[in-house]
Amino acid sequence: MTDQTTPIGEPSVILLAEDNPSHAELVKRSLEDHQISNRIQHVLDGEQVLDYLYQRGRFSDQDAAPRPQLILLDLRLPRMDGLEVLEKIKDDEDLRLIPVIILTTSEAERDVARAYQLHANSYVAKPIDFDKFSSLMEEIGIYWLGWNHSA
Amino acid sequence: MHRVLSSLLQFFLVAGTFAEPAPLAFRHLTTQDGLPSDSVNDLLLDSRGFVWVGTEYGLSRYDGYTFKTFRNVSGDSTTLPSHQVRRLAEDRSGRLWVGTQSGLALYHRSSETFSRVLVDGRNLQITHLFVDSRGLLWCGTKSEGLVAIDPAYKFETVAVFEASAFRGEGFDRGGIRGLAETDDGRVWIASAFGLSVWDPEQGLSDTGLVFPDPLLSLEKGSTDELWVGSERGLTRVRDDLSTTRELERVAVTTLLQSPSGELWVGTRSRGLVVIDESIKSAPIVHAPDDPTSLGSGSVHALLSDDAGMIWVGTYDGGLSQHLPDRRGMSNLKHQPGNPKTLSSSSVFAVSRDRAGDLWVGTDAGLNRLNKHYHVERVYTDDILSHRVIRAIHEDRLGRFWVGTDGGLNLLDRSTDQVTVYRHDPSDPTSLSDDVIRSIEEDETGILWVGTNNGGLNRFDPASETFSAHANEEGSSWVVRAISNEQPDILWFASGGLFRYEPNTDQLTTYRKDAANKIGIQSNSVYDVTPDTAGGLWIGTYEGLHHFDPASEAFTVYTLQDGLPSDIIYTVILDRAGDVWMSTNSGISRGRRTDSKPEHVYEFRNFDVTHGVSGTDFNSGADFVDEDGTIYFGGMSGLTYFHPDSLIYENTHVPPVVITSLNVFTSGEQAGSLSNSVPGISERDHVALPSDVTHISVSFAALDYVNPARNTYAYRLEGLNRGWQQLDHQRQLNFSLSPGEYHLHILAANSDGVWNDVGRTLTLELAPPFWGQPWFIMVATIFGTGVLLGGHRTRLRRIRERNAELDDLVTKLGDRNAELERFTYTVSHDLKSPLVTIKGFVGLIEQDVHDRVRLGDDVARIREAADQMLALLDDLLELSRIGRVVSAPSEVAMEEIVIEAIGRVRGRIEENDATVLIADELPVVNVDRKRLVEAYQNLIDNAVKFSGDGARVIIGVRASDKGHVFTVRDNGPGIPPRFHGKVFDLFERLDKDVEGTGIGLALVHRIITLHGGSIWVESEGEGEGSTFCFTLEEVKQT
């Protein structure tokens, strides 16, 4: 297996799947504020997530769609539901190595259980309070791109 | 003129010299079947597919199964004006008009009531009704002339022609007797003594034609000619007004030009005559001893239905039905007094000899028939040893053997010499029993003779000696049929299936054994016929069997596989490999099919409507001749046909109707109350009250060829069930919990032609009082209390309570699931904008010095707050709509639409959209405010989803459900799979477009509260969508 950790100096790439542009803006701003990543790739629906990861369609240019080190995935996505996207990622031998964090407003037990059954790496609910939102983003960045060893 | 006419064909005098085809077979419906009276005056097939029967004692609607009868109730003006229904007509909007002895009535399908229609203030005594191509209803009366009314414009009288306009004196003799229209739009009027014509330009005029006798009937022919029936004949009137007398000495009461081109002539007491391209049939009469003859000789009404069946309404003989089919089956019967017909209709044996003569054995002698199927000679006990003939065989040497109930006869057909072989107790080489059931010749010229009571005999014609064989079965057993297809092996049908090898005297018996699933399923075997693959077909008392000797396995086909009966008397294989059977319920054909693996054979059944002689057949009475013609003998004659020329397919797609909906409610008192919902066949939506315990729905496929064989399937959407096959069952009982259900019914005619659209009935059950939260709490506490304090005497009640509680728990579970879905969606949709608001408020604090970002932050907050507000507004609206707040009022729909457009003006301008009101909208009785909301949502959606340059057209169209209001757009369209879903709460097909997912749910609720229904029509993506809705009166709550 090849070493897929990010070489020193290369920007960490986070793929953010979020249909609500305001929420996407909040995530980006929070991560930027904490200098977690300078490359956040934002896609708006479930199909785009897969297009990005498989470098298809408008993501067929490899430079435009560098492999992410982390995926932040909303559950309620247009075209293809977040859980379905998750299932497809975790079904793919290669893509399943990328940690996927479910980032959603839903705290429904059903959704949490289903996400873990489909091998989500983490499940976090978006806090309403912005301070908490902001520090959550920081901690996610520190943990998943710093402490955590990827495959 | 009279002399000239009468010198033409004297029809009834020459009829006797015609060749005699088999008389037409009829099936009957009489008062025993529910017909209100056996005297039928008129017949009508309505636009829904029902047959209406006007009789001397009431009007009936027939659906193929039951007659729903309407009569006069004195003092009730919503009933028929009189029991005596003379004439029926349906106008172009599908309204049914009933002409009675005491006036004209209009039937209201939705309430199943009538209203009486006065014309110029008068009650007309209707003698004739006719709707012309303009839609005018022409009412012929007994003494008040002719009135034309326009049903489309509040029944305005268009024309009145006083009686004096029709050569006055005739009116004492019955007034207007017939009306017809020619292709040029002229309406022809037959009054007692003359033929008049009405032209829209020139009005009414007399044709000047002179008829020798009073006119009785009028029909337009297949070309532009008129047929005029009168007291003593039938006259053909061509378009140049030249006439030909076509029939004489019969009173022609009614005429029918059938779609297939024949003219059916109904007469008074002389039956029917069919005229096909100037060829006249022999009179088709009532024969008291023939149950398949016309019900009565006096014909009053004729009808041809969509399957081509002819209906004959008679005086005192009920309804007779005939399915014309010249390429169907033919039959021969005994006709008293006619020596050219069979000596008896009880046929036990049939065979054709090498000279080409057909021999038919009956219980009254042996008949020899020529090529025209005329009987030329009957051999009875004057020559033969017995008059009952059960077996006929011509052997390889041309000797002719006849098996009778009095021994075996060798008949010399040229000399009438007969040699008789009988049982002689003193002679062991004599026949073992005198009653012969079957004769089969083997390859060595030995005759094997099966008897009724003495088993199997081997007869050597050379030595004229008999010997009993297969004696293991004892000496007295029956041999109904013998097969000797394989060398040295005989199969016979007896009290089981027997296999016998004469050379080794080895007998193998196959009998019913409950433990053997692949064994024979009957011990009454009637026939055995080998197939070409070494197998056997076996007719038994318990189904058709196929035997595979290799595996020793039997396959059984019964009623459930589509056979008309389990009792199979005879089996014949035709050249194509089809299996033909005579049964005790007609004839059936089995055909191998590859399409249905679970049924290797599919069966098509034939009855009297196909030309079969009757229902019950006889074992042993089957034969297939050299050219492939098949003969089956039975208790009502001999049926014969050639399988290749038998073309009968009923391709009529049957309309499906709901015929009744019975609603059972539980009262305080014991037992339940049943209510029938009126006009159910016209409705597609029924809202039911909360105290309904169960419902019973009946439906019918309106194909009358063989209603008992029509098949049904249903699906109840709302209970998550797939299609369920019902076979011939046409009633369903449901016990439903509150909610909305869609009952879909499909049906096929008796030949398996399905109506794939079928009929859908939406049932809406209001939640019952025990579904209300307060009741659930009370019930739970009460239930618990009883359980704690319960003792023996209450045990029964406790059990009942427990059952009720279980029921409640289930229902509560359903409601909880619904609530959970609701909370899940709402919490997400409310939380999401909050995350935005709080987030950007936090960012504002950071961005306080960055003006550009600040502006963006604030804008996003405002947007999110607006989104929340919209959602809350919609939710509140939805909860409020549960009840109609304001009373309905009469308001012009256009006003409502204009107000709604005003409310979405912002969106219209933003999208540069055009909204058009295309049609003149009617005045409606609605809750104005709600309807404005409904239109507002529909227009808003249409503009929103169609994007820039949207074009929205608001219109209305007429349908059988009343006005259908439409909102059409040129947007992306909606794929059919979403058509049902779009009205669901929180359903958003395109999440890129803003919206709460409540709008259409709201519209749906508003329309439903108005008793209407709403649906979307869209050809699919890119084709635009049309939202359609109907309205009824606002429900009183």
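Quick note on labels: first sequence line is chain A, next is B, and so on, each numbered from 1. All of these numbers come straight from a predicted model, not from anything done at the bench.
Around CZ of B:R903, the count of heavy atoms belonging to other residues, nucleotides or ligands within 6.0 Å exceeds 12.
Ring pair B:Y935/B:F1029 is perpendicular by interplanar angle, where above 60° counts as perpendicular and below 30° as parallel.
Annotation: maximal heavy-atom pairing with chain B below 4.5 Å, among A:K132, A:H23, A:E25, occurs at A:H23.
Of the N and O atoms on the side chains of A:Q48 and A:R58, at least one donor lies less than 3.5 Å from an acceptor on the other residue.
Proximity to chain B is limited to the backbone of A:P127, based on heavy atoms less than 4.5 angstrom apart. For chain B, no part of A:D131 is nearby; none of its heavy atoms comes within less than 4.5 Å.
Using modelled atom types, one side-chain atom of A:R96 and one backbone atom of A:K90 make a donor-acceptor pair closer than 3.5 Å.
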